[in-house]
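Every chain is numbered from 1 and lettered A, B, ... according to where its sequence line falls, protein lines coming before strand lines. In what follows, every heavy atom counts, from backbone to side chain, and hydrogens, waters and symmetry copies are set aside.
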Protein chains: 2
Amino acid sequence: MGHVINNSQSNNYSMNSNIIKLLEHNDVKPTPMRMLVLEQMITQHRNLSLTEIENLLYPADRVTIYRTLQTFVKNGIAHSIDAAGSGSVYALCPGGCSHEAHKDEHPHFVCENCKKISCCTDFVFSFLQKPNTPKYVIYKIEMTIKGICPECTAKQ
Amino acid sequence: MGHVINNSQSNNYSMNSNIIKLLEHNDVKPTPMRMLVLEQMITQHRNLSLTEIENLLYPADRVTIYRTLQTFVKNGIAHSIDAAGSGSVYALCPGGCSHEAHKDEHPHFVCENCKKISCCTDFVFSFLQKPNTPKYVIYKIEMTIKGICPECTAKQ
DNA sequence: TATACGAATGCAATAGAATTGCAATCATTG
DNA sequence: CAATGATTGCAATTCTATTGCATTCGTATA
């Protein structure tokens with residue numbers, strides 16, 4: 001998918017340039033709203049919920065952000081993570097995310113204290129046995145670990 | 001209230017007797033409402049959502065069922081399954097479920113067609129590596145597989 | 001037996017996320 | 001410039017989860 005994002009020292013020019021490239025690569029027209037949402041997802045370095053993005057972009061309209069995220073998911077720019085009982089967050093698709101079935105099959109850790117949802121690729125799961133009956137059609141797999149994150153543990 | 005539904009082959013006497021035992025064994029007073037909810041969970045042979053139980057027990061009060069289920073969870077009779085983005089269902093705890101931390105760490109399959117949530121113990125997961133940093137405090141793990149179940153696949 | 005108290009229940013209401021409908025605006029093309 | 005489709009903003013709805021409160025029920029006790 002070839003998006004190269006420089007979210008540290010980059011100036012606005014190259015940042016916007018990268019954002020536009022990423023959108024156009026995925027057949028999404030780079031409108032101001034979409035660029036703003038994508039910029040937040042890139043610069044915040046973490047999974048964001050609709051409400052978090054809404055707050056970051058206040059007073060932008062919530063429903064517009066909602067539909068923008070739907071567009072991102074549909075076009076393979078982001079995927080949504082349904083953290084069991086803890087709402088949804090959105091994450092940028094990694095480069096290798098295939099356009100049709102972009103998945104994110106590592107567990108996610110939901111901190112019940114700070115509510116943040118982080119990817120924990122270091123918690124390695126594996127299928128001993130992928131479902132072998134052809135009758136189950138699998139769209140998506142969600143793995144959610146709930147507890148207290150290291151940051152919150154440290155503060156207590 | 002007081003409609004007692006017997007949809008299994010057992011007679012009411014032994015069924016009720018077992019239900020009362022199960023409740024009392026877990027320090028829950030066997031009230032009519034609690035017996036009805038528990039009876040449904042036993043006889044339906046599947047995970048039930050609050051709404052499903054509400055419909056089965058119509059016109060019983062939804063909030064009462066809600067609080068009954070909370071009591072069951074608190075007292076180790078049932079556990080709740082948060083199926084990522086697909087609502088919650090309740091399942092009876094197996095015998096070995098420890099009272100304090102009754103868990104249900106096998107994947108659950110959510111059919112996006114019929115919406116039913118079933119346990120799939122035959123889809124074997126394993127931790128290659130349980131999180132080895134002591135800083136993560138883990139309360140609960142949810143694994144949700146979304147797709148189309150064999151029944152719905154067969155109908156299409 | 002009458003009373004008192006806590007548990008359980010039923011109803012009303014709220015909170016919050018997800019979702020839809022629709023009208024106004026914007027961008028592009030003929 | 002007009003027409004068309006995409007995008008946006010606002011209002012409103014739906015659905016689940018949750019709380020508050022008054023009433024009822026069950027039981028222990030005066």
Side-chain angles (χ1 to χ4, degrees), chain A residues 19-20 23-24 26-38 40 47-75 77-90 110 112 115 117 140 142 144 146, chain B residues 1-3 19-20 23-24 26-38 47-75 77-90 110 112 115-117 142 144 146:
Chain A
I19 286 173
I20 291 172
L23 290 167
E24 290 183 338
N26 292 280
D27 305 308
V28 176
K29 199 193 298 182
T31 67
M33 189 79 260
R34 288 165 176 173
M35 291 177 67
L36 285 170
V37 172
L38 188 48
Q40 289 305 319
N47 303 324
L48 294 171
S49 68
L50 172 56
T51 300
E52 284 173 314
I53 297 175
E54 185 188 11
N55 293 334
L56 288 166
L57 296 183
Y58 180 85
D61 181 66
R62 180 184 182 82
V63 178
T64 303
I65 298 169
Y66 171 77
R67 284 193 267 227
T68 297
L69 290 167
Q70 282 190 145
T71 301
F72 286 1
V73 170
K74 182 162 63 76
N75 289 59
I77 293 172
H79 48 252
S80 72
I81 299 162
D82 284 338
S86 305
S88 299
V89 292
Y90 296 85
V110 180
E112 306 215 324
K115 310 299 180 193
I117 299 174
K140 193 174 187 182
E142 303 271 3
T144 307
K146 299 179 185 180
Chain B
M1 179 181 325
H3 55 286
I19 286 174
I20 290 172
L23 289 168
E24 290 183 338
N26 292 279
D27 304 310
V28 176
K29 198 192 299 180
T31 66
M33 189 80 257
R34 286 166 177 173
M35 290 177 67
L36 286 170
V37 173
L38 187 48
N47 303 323
L48 294 171
S49 68
L50 172 57
T51 300
E52 285 173 313
I53 298 175
E54 185 188 12
N55 292 334
L56 287 166
L57 296 182
Y58 181 85
D61 181 65
R62 180 185 183 82
V63 177
T64 303
I65 299 170
Y66 171 76
R67 283 193 268 227
T68 297
L69 289 167
Q70 282 189 146
T71 301
F72 286 2
V73 170
K74 182 161 65 76
N75 289 59
I77 294 171
H79 49 251
S80 72
I81 299 162
D82 283 338
S86 305
S88 298
V89 292
Y90 296 85
V110 180
E112 307 215 323
K115 310 299 180 192
K116 283 183 187 160
I117 298 174
E142 301 271 4
T144 307
K146 301 179 182 179

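At dT16(D), none of the side-chain N or O atoms of Ser88(B) fall inside 4.0 Å of OP1 or OP2 (strictly under the cut-off). Of the side-chain N and O atoms in Tyr66(B), none sit less than 4.0 angstrom from OP1 or OP2 of dA17(D).
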side-chain contact (heavy atoms from CB on, under 4.5 Å) evaluation trace for Val28(A) with Lys74(A)
CA-CA 10 Å; Val28(A) 176; Lys74(A) 182 162 63 76; over 6 Å; no

Stepwise side-chain contact (heavy atoms from CB on, under 4.5 Å) test for Tyr90(A) and Val37(A)
CA-CA 11 Å; Tyr90(A) 296 85; Val37(A) 172; over 6 Å; no

Does the pair Arg34(A) and Lys29(A) meet the rule for a side-chain contact (heavy atoms from CB on, under 4.5 Å), with working shown?
CA-CA 8 Å; Arg34(A) 288 165 176 173; Lys29(A) 199 193 298 182; 3.7 Å; yes

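Rounded to an integer number of Å, the gap from CG of Asn75(B) to P of dA7(C) is 13 Å. If you take CZ of Phe72(B) and C1' of dA8(C), they are 13 Å apart, rounded to a whole angstrom. For Asp61(B) and dT23(D), the CG to P distance is 16 Å, given to the nearest whole Å. Rounded to an integer number of Å, the gap from Arg62(B) CZ to dT9(C) P is 17 Å. What separates CD of Gln70(A) from P of dT8(D) is a distance of 13 Å, to the nearest Å. Rounded to an integer number of Å, the gap from Ile65(A) CD1 to dT19(C) P is 16 Å. Residue Leu69(A) contributes atom CG, which lies 12 Å from atom P of dT19(C) at whole-angstrom precision. Regarding Asn55(A), its CG atom lies at a distance of 14 Å from the C1' atom of dG16(C), rounded to whole Å.
Considering only the side chain of Val63(B), dC11(C) comes nearest among dT8(D), dA17(D), dC11(C). Closest contact between the side chain of Lys29(A) and the listed nucleotides dA6(D), dA8(C), dC10(D) involves dA6(D). Nearest nucleotide to the Thr68(A) side chain, out of dA17(D), dA18(C), dT8(D): dT8(D). Minimum atom distance to the side chain of Thr31(A) is reached by dT8(D), of the listed dA17(D), dT8(D), dG21(C).
Ion pair Arg62(B)/Glu54(B) flagged as a salt bridge, since at least one NZ, NE, NH1 or NH2 atom sits closer than 4.0 Å to an Asp/Glu carboxylate oxygen.
Residue Thr64(B) is in base contact, counting any heavy-atom pair closer than 4.0 Å across all strands shown.
Each of Thr51(A) and Arg67(A) was assigned the nucleotide of DNA chain C with the nearest heavy atom; the assignment lying further toward the 5' end belongs to Thr51(A).
For the side-chain contact (heavy atoms from CB on, under 4.5 Å) with Leu69(B), the lone residue among Ile53(B), Leu38(B), Thr64(B) that qualifies is Ile53(B).
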